[in-house]
Amino acid sequence: MREMQTTYDPKQFEDRIYADWQENGCFRAEIDEGKVPFSLMMPPPNVTGQLHMGHAMDETMQDVITRFKRMQGYSVLWLPGTDHASIATEVKIVNQLKEEGLTKEELGREGFLERAWAWKNKYAGRICDQLKKLGSSCDWSRLAFTMDERCSKAVREAFFRLYDKGLIYRGSRIINWCPDCKTALSDAEVEYSEDAGFFWHFKYPVDGTDEFITIATTRPETMLGDTAVAVHPGDARYSSLVGKTLTLPLVGRKIPLVEDEYVDPEFGTGAVKITPAHDPNDFEVGLRHDLPVIRVMNDDGTMNELAGEYAGLDRYEARKRIVSEMEKLGLLVKVEPHAHNVGHCYRCHSTVEPIVSKQWFVKMAPLAKPAIDAVMKNKTKFVPDRFAKIYYNWLENIRDWCISRQLWWGHRIPVWYCGDCGEVICSRETPSVCPKCGSAHLTQDEDVLDTWFSSALWPFSTLGWPDKTPEFEYFYPTDVLVTGYDIIPFWVMRMMFSGIEQTGKVPFHDVLIHGLVRDEQGRKMSKSLGNGIDPLEVIDKYGADSLRLSLLTGVAPGNDTRFTEAKVEAARNFINKVWNAARFVLMNVKDEEVPPLSEVRLQPADRWIISRLMATVREVTVSLQKYDLGIAADKLSDFVWNDFCDWYIELSKPALYGDDAEKRKGALSVLLYVLDNALRLLHPFIPFVTEEIYSYLPGEHGRIISAEFPRYVGKLAYKKEAKAFEGVIGLIKTVRAMKVAVNCPPSRKVHIYLVTDCKRLVSLNRQSILRLAGASAVEIAESGAAAGNKAVSQVCDLGQVFIPLGELVDLEEEKKRLEKELERVTGEIARANGKLANQGFISKAPKKLVDDERAKLEKFLDMKEKIEAQLKELEA
RNA sequence: GGGGGCAUAGCUCAGCUGGUUAGAGCGCACGCUUCACAUGCGUGAGGUCACAGGUUCGAGUCCUGUUGUCCCCACCA
């Protein structure tokens with residue numbers, strides 16, 4: 001038999017074991033009609049960089065679920081993949097080019113895409129390597145990428161269908177424009193932050209009078225595009241001027257003064273400049289009053305030719321000049337500091353400009369409704385369910401989705417324009433001639449789709465949809481989606497309505513939402529703060545198992561968690577404990593033939609640990625089914641460390657080292673049985689070390705990854721026996737505490753006198769009691785008198801313990817201890833009495849609770865009596 | 001303005017559908033070279049479960065309000 005190394009060293013085996021799993025197809029999902037399918041899709045990490053701690057947690061949770069279900073006998077598909085991350089990747093590559101002194105225009109579309117694919121290949125590979133380091137047991141044979149052939153086909157199909165139904169349209173509307181990325185953004189891609197700015201008050205002259213109207217703006221440069229000034233209807237201050245014309249300063253354009261409900265008369269001057277081309281609200285006002293839309297800014301944030309003499313200037317430079325020009329003209333009334341929310345590009349953080357622009361949109365109202373209903377009707381459930389509210393909140397207030405992006409890296413919009421007749425052609429296949437006029441002068445739309453358009457199809461595009469592939473039929477809809485609450489609006493929601501619309505089914509039944517991994521001080525981990533911790537470095541230092549466990553313990557679904565090295569250390573210590581417990585068992589087994597559990601005569605302690613094991617099997621299974629991974633890990637660690645290591649292993653030593661061969665075999669059998677089960681329970685959480693230890697277990701067996709998850713066996717529950725045995729544990733704890741209380745050194749063995757009804761239990765466990773309690777003898781006595789007239793005593797569940805007072809015993813300490821105990825017991829009696837005196841409790845509470853309370857009261861009354869007697873004894 | 005989270009031991013957090021004496025890890029105190037493990041073992045100290053009401057026989061748990069704190073959305077130009 002091979003021997004385990006004395007120290008737990010994950011570096012010795014983690015990579016080796018992963019390679020072995022992979023080579024032997026342990027992750028492969030088979031279409032097996034004899035099994036129940038279980039599937040989940042990995043949220044595809046962006047190919048922009050590497051995995052961070054948030055990914056590590058997300059992947060670990062998925063892997064735990066995957067391994068658990070696989071061991072339970074499901075045919076599990078965990079499908080891995082990466083996302084092309086259109087805008088984010090393009091930004092990275094543009095930056096890379098910049099460093100080389102290049103622009104994407106110089107490179108051209110094709111050249112740029114070549115670079116992009118090279119980038120993708122490099123980073124997707126790196127991400128996969130990281131996933132492997134973590135132990136992710138996903139099916140690599142089905143690795144997907146949002147821009148691979150399968151997914152691209154699905155994108156075209158989905159676009160075509162939506163277009164065909166009239167749910168995709170092209171129109172000029174106000175969108176969020178990033179002047180640095182030079183693309184449109186969806187509403188969800190804009191981040192708002194409170195920035196310090198100014199409020200400039202300008203006077204616009206009213207034609208035919210000497211009067212002025214004062215407006216206030218935070219973006220003076222947009223005044224060049226003003227096509228009206230609006231006031232609230234019936235605002236007395238301006239009623240005489242309504243219908244009059246104003247002259248827009250600097251430009252000289254004649255613009256009307258209109259009335260519109262949108263204006264808040266309480267705010268500012270009650271008069272608002274209206275710039276339909278550069279503000280979403282103004283755009284709406286413009287529509288109502290049929291105002292011209294004059295766009296004065298270029299795509300790169302400079303002013304355009306309609307800005308007159310300001311053309312070509314950067315937006316901020318133009319702002320400066322306009323303000324100073326207005327001041328020169330005496331039209332600047334005042335400047336106030338003004339903090340306001342400014343939108344920023346979620347990728348490059350530049351200030352976005354609301355700009356009117358011709359873009360493609362998805363009509364959301366008809367899609368949102370069924371997506372809301374599906375969750376209402378529980379076809380898809382959020383865990384925890386409070387996130388359903390956030391989901392509803394989004395969908396109920398949703399606006400049409402801008403899906404076109406002025407980028408190159410992504411799915412090109414499958415629309416062609418005929419150069420001759422102007423026909424717009426949307427098609428699954430690339431058309432060669434115009435279906436209307438037969439012209440071959442077709443040009444494809446230059447834009448690409450929002451990255452999330454393809455991500456939205458992920459649960460089925462990866463399975464070959466729209467084709468009815470066997471895997472689509474077998475694995476779709478998926479069972480669970482695991483992701484963070486921060487991308488509910490970006491992704492979860494869009495998968496929901498896309499899945500329902502395209503396949504007629506919800507894409508997943510459960511959505512397990514987790515929180516963010518924060519740093520030690522509770523701050524978000526971010527590049528700008530430099531407080532991010534690289535999961536790989538942690539793995540390098542502590543091993544993947546420790547990292548995984550640390551990311552799961554003490555974490556509740558949906559809640560943020562803090563990452564601390566101390567947690568990783570705690571996890572490492574636990575794994576080390578497991579390692580050593582296994583080593584202990586195996587070093588005792590050596591090459592001995594150990595009988596199976598069924599052939600062994602079980603001792604009380606054996607039944608107790610098996611009972612505890614069964615309770616743990618049940619708790620862990622239930623918790624995992626409810627996705628309470630943190631609780632499952634907690635229960636397991638409690639069982640392994642406290643019950644198995646601290647108690648059972650110690651309890652087994654007398655049998656192991658004694659000369660009763662049958663007892664020794666029995667103990668070995670139980671140790672192996674419990675170890676084997678514990679390893680299998682632990683495997684989803686700490687896959688590497690459990691696989692490694694498993695390989696040392698005697699007998700013929702395969703890998704633990706393919707082993708069966710332990711099942712609850714009713715006849716091994718031994719509830720009564722286990723409860724009785726708790727008395728022995730209580731006795732040992734009592735004796736230990738008594739010794740400490742009277743300053744008796746642990747090494748000094750004491751003679752115990754025990755008044756008890758459980759004589760058989762005591763005699764069966766005599767050796768364990770002696771060993772664990774540090775006693776020289778356990779003597780069953782009729783009364784405390786046997787211990788002599790001066791003895792310390794304590795009541796426990798098994799009876800009353802007496803230890804004769806030796807010279808080492810501190811009498812005062814003992815009195816103090818007894819008095820404290822008396823106080824506690826008196827308190828308990830008062831509490832129980834109070835409860836039992838309550839008629840309501842007696843009549844309405846379940847009978848069992850009332851009985852329990854009575855029993856408790858009796859026990860405490862008995863204890864009180866004995867403590868008082870003991871105190872009297874010591875006084876004497 | 002709308003929505004949501006959190007508030008439990010010195011620290012980080014668990015506590016499911018209300019029911020034993022409210023738990024864990026870390027930290028702290030005291031004591032241990034006990035032949036798997038000092039990444040360890042034993043014993044202990046430490047909590048009016050934010051505050052005020054309410055429902056109930058019974059509330060950390062349910063309801064209402066208050067305070068503090070964090071997040072998301074909307075946005076007054």
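These figures come from a predicted structure and were not determined experimentally. A, B, ... follow the sequence lines: proteins, then strands. Residue 1 opens every chain.
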Query raised in the report: Nearest nucleotide by nearest heavy atom, which residue falls closer to the 5' end of RNA chain B, A:Arg399 or A:Glu853?
Result: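 Of the two residues, A:Glu853 wins.
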
Rounded interatomic separation in angstrom, taking [atom1] from [X] and [atom2] from [N]:
{"X": "A:Trp394", "N": "B:C71", "atom1": "CH2", "atom2": "P", "result": "17 Å"}
{"X": "A:Gln794", "N": "B:U43", "atom1": "CD", "atom2": "C1'", "result": "13 Å"}
{"X": "A:Leu551", "N": "B:C13", "atom1": "CG", "atom2": "P", "result": "14 Å"}
{"X": "A:Glu191", "N": "B:C75", "atom1": "CD", "atom2": "P", "result": "16 Å"}
{"X": "A:Asn576", "N": "B:G40", "atom1": "CG", "atom2": "P", "result": "7 Å"}
{"X": "A:Ile513", "N": "B:C72", "atom1": "CD1", "atom2": "C1'", "result": "13 Å"}
{"X": "A:Leu629", "N": "B:A14", "atom1": "CG", "atom2": "P", "result": "14 Å"}

Report task. Sticking with atom P, work out how far B:C32 lies from B:C16, rounded to a whole angstrom. Result ->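 One P to the other, the span is 41 Å.
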
Report task. Could you work out the separation of B:U67 and B:G47 based on their P atoms and round it to a whole Å? Result ->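 Roughly 29 Å separates the two P atoms.
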
Do any N or O atoms of the protein come closer than 3.5 Å to N or O atoms of nucleotides 54-58 of chain B, and which pairs are they?
{"from": "B:C57", "atom 1": "OP1", "to": "A:Lys844", "atom 2": "NZ", "distance (Å)": "2.1"}
{"from": "B:C57", "atom 1": "O2'", "to": "A:Asn838", "atom 2": "OD1", "distance (Å)": "3.3"}
{"from": "B:C57", "atom 1": "O2'", "to": "A:Asn838", "atom 2": "ND2", "distance (Å)": "2.4"}

Report task. Only pairs at least two apart or in different chains count here, so list each side chain to side chain donor-acceptor pair (under 3.5 Å) that has a residue in residues 264-274 of chain A. Result ->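 Counting only pairs at least two positions apart or across chains, the side chain to side chain donor-acceptor pair (under 3.5 Å) contacts touching residues 264-274 of chain A are A:Thr222-A:Lys273, A:Asp226-A:Lys273, A:Lys273-A:Thr275.
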
Requested in this report: Using a 4.0 Å heavy-atom cut-off across all strands, classify A:Arg824 as base, sugar-phosphate, or nothing.
Outcome: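 A:Arg824: base contact, heavy atoms under 4.0 Å.
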
**Report entry** With A:Phe382 via ring pair (Phe, Tyr, Trp, His ring centres under 6.0 Å) - residues at least two apart
**Finding:**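 For A:Phe382 the ring pair (Phe, Tyr, Trp, His ring centres under 6.0 Å) partners, ignoring immediate neighbours, are A:Tyr391.
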
Requested in this report: Taking ring pair (Phe, Tyr, Trp, His ring centres under 6.0 Å) as the test, write out the residues that go with A:Tyr392, two or more places apart.
Outcome: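 With sequence neighbours excluded, A:Tyr392 shows a ring pair (Phe, Tyr, Trp, His ring centres under 6.0 Å) to no residue whatsoever.
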
Quick one: which protein N/O atoms are closer than 3.5 Å to N/O atoms of nucleotides 15-17 of chain B? Pair and distance per line, please.
none

Query - Pairwise side-chain contact, A:Leu770 with A:Ser776, heavy-atom cut-off 4.5 Å (strictly under) - result: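 Heavy-atom side-chain distance check fails, nothing below 4.5 Å.
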
Does the side chain of [X] come under 3.5 Å of the side chain of [Y] through a donor N or O and an acceptor N or O?
{"X": "A:Thr561", "Y": "A:Asn559", "result": "no"}
{"X": "A:Glu692", "Y": "A:Gln12", "result": "no"}
{"X": "A:Ser193", "Y": "A:His344", "result": "yes"}

Query raised in the report: Which letter, B, S or -, goes with each nucleotide of nucleotides 24-36 of chain B from 5' to 3', with contact meaning a protein heavy atom under 4.0 Å?
Result: -S-----S----B

Could you run down the sub-3.5 Å N/O contacts of the protein with nucleotides 2-12 of chain B?
{"from": "B:U12", "atom 1": "O3'", "to": "A:Arg562", "atom 2": "NE", "distance (Å)": "3.3"}

Query raised in the report: Side chain of A:Arg572, base of B:U39: donor and acceptor closer than 3.5 Å?
Result: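 When only heavy-atom distances are counted, A:Arg572 does reach the base of B:U39 through a donor-acceptor pair under 3.5 Å.
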
Report task. Measure distances between side-chain N and O atoms of A:Asn341 and base N and O atoms of B:C75, and say whether any donor-acceptor pair falls under 3.5 Å. Result ->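 In this structure, the two groups form a donor-acceptor pair.
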
Requested in this report: Sort and list the pairs that fulfil salt bridge (Lys or Arg N to Asp or Glu O under 4.0 Å) and have at least one residue in residues 545-556 of chain A, not counting sequence neighbours.
Outcome: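 Listed by first then second residue: A:Asp63-A:Arg548.
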
Query raised in the report: For residues 728-741 of chain A, which residue pairs qualify under salt bridge (Lys or Arg N to Asp or Glu O under 4.0 Å), counting only residues two or more places apart or in two chains?
Result: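 Residue pairs with at least one partner in residues 728-741 of chain A: there are none.
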
Hey, can you pull the donor-acceptor pairs under 3.5 Å for the side chains in residues 836-856 of chain A, sequence neighbours left out?
{"from": "A:Asn838", "atom 1": "OD1", "to": "A:Gly840", "atom 2": "N", "distance (Å)": "2.8"}
{"from": "A:Asn838", "atom 1": "OD1", "to": "A:Phe841", "atom 2": "N", "distance (Å)": "3.3"}
{"from": "A:Ser843", "atom 1": "OG", "to": "A:Gln839", "atom 2": "O", "distance (Å)": "2.9"}
{"from": "A:Ser843", "atom 1": "OG", "to": "A:Gly840", "atom 2": "O", "distance (Å)": "3.3"}
{"from": "A:Lys847", "atom 1": "NZ", "to": "A:Asp851", "atom 2": "OD2", "distance (Å)": "2.8"}
{"from": "A:Lys848", "atom 1": "NZ", "to": "A:Asp852", "atom 2": "OD2", "distance (Å)": "2.9"}
{"from": "A:Glu853", "atom 1": "OE1", "to": "A:Lys856", "atom 2": "NZ", "distance (Å)": "3.2"}
{"from": "A:Glu853", "atom 1": "OE2", "to": "A:Arg831", "atom 2": "NH1", "distance (Å)": "3.3"}
{"from": "A:Glu853", "atom 1": "OE2", "to": "A:Arg831", "atom 2": "NH2", "distance (Å)": "3.3"}

Query raised in the report: Quick one: side-chain hydrogen bond (donor to acceptor under 3.5 Å, both in side chains) partners of A:Arg572, sequence neighbours excluded?
Result: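 A:Arg572: no side-chain hydrogen bond (donor to acceptor under 3.5 Å, both in side chains) contacts found.
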
Query raised in the report: What orientation do A:Trp579 and A:Tyr8 show, parallel under 30°, tilted 30 to 60°, or perpendicular over 60°?
Result: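 Correct class here is tilted.
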
Requested in this report: Assert yes or no for the condition that the ring centre distance of A:His201 to A:Phe199 is strictly below 6.0 Å.
Outcome: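 Centroid distance A:His201-A:Phe199: below 6.0 Å, so yes.
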
Side-chain donor/acceptor pairs under 3.5 Å, residues 620-628 of chain A, sequence neighbours excluded:
{"from": "A:Thr621", "atom 1": "OG1", "to": "A:Val617", "atom 2": "O", "distance (Å)": "2.6"}
{"from": "A:Ser623", "atom 1": "OG", "to": "A:Glu619", "atom 2": "O", "distance (Å)": "2.8"}
{"from": "A:Tyr627", "atom 1": "OH", "to": "A:Asp510", "atom 2": "OD2", "distance (Å)": "2.9"}

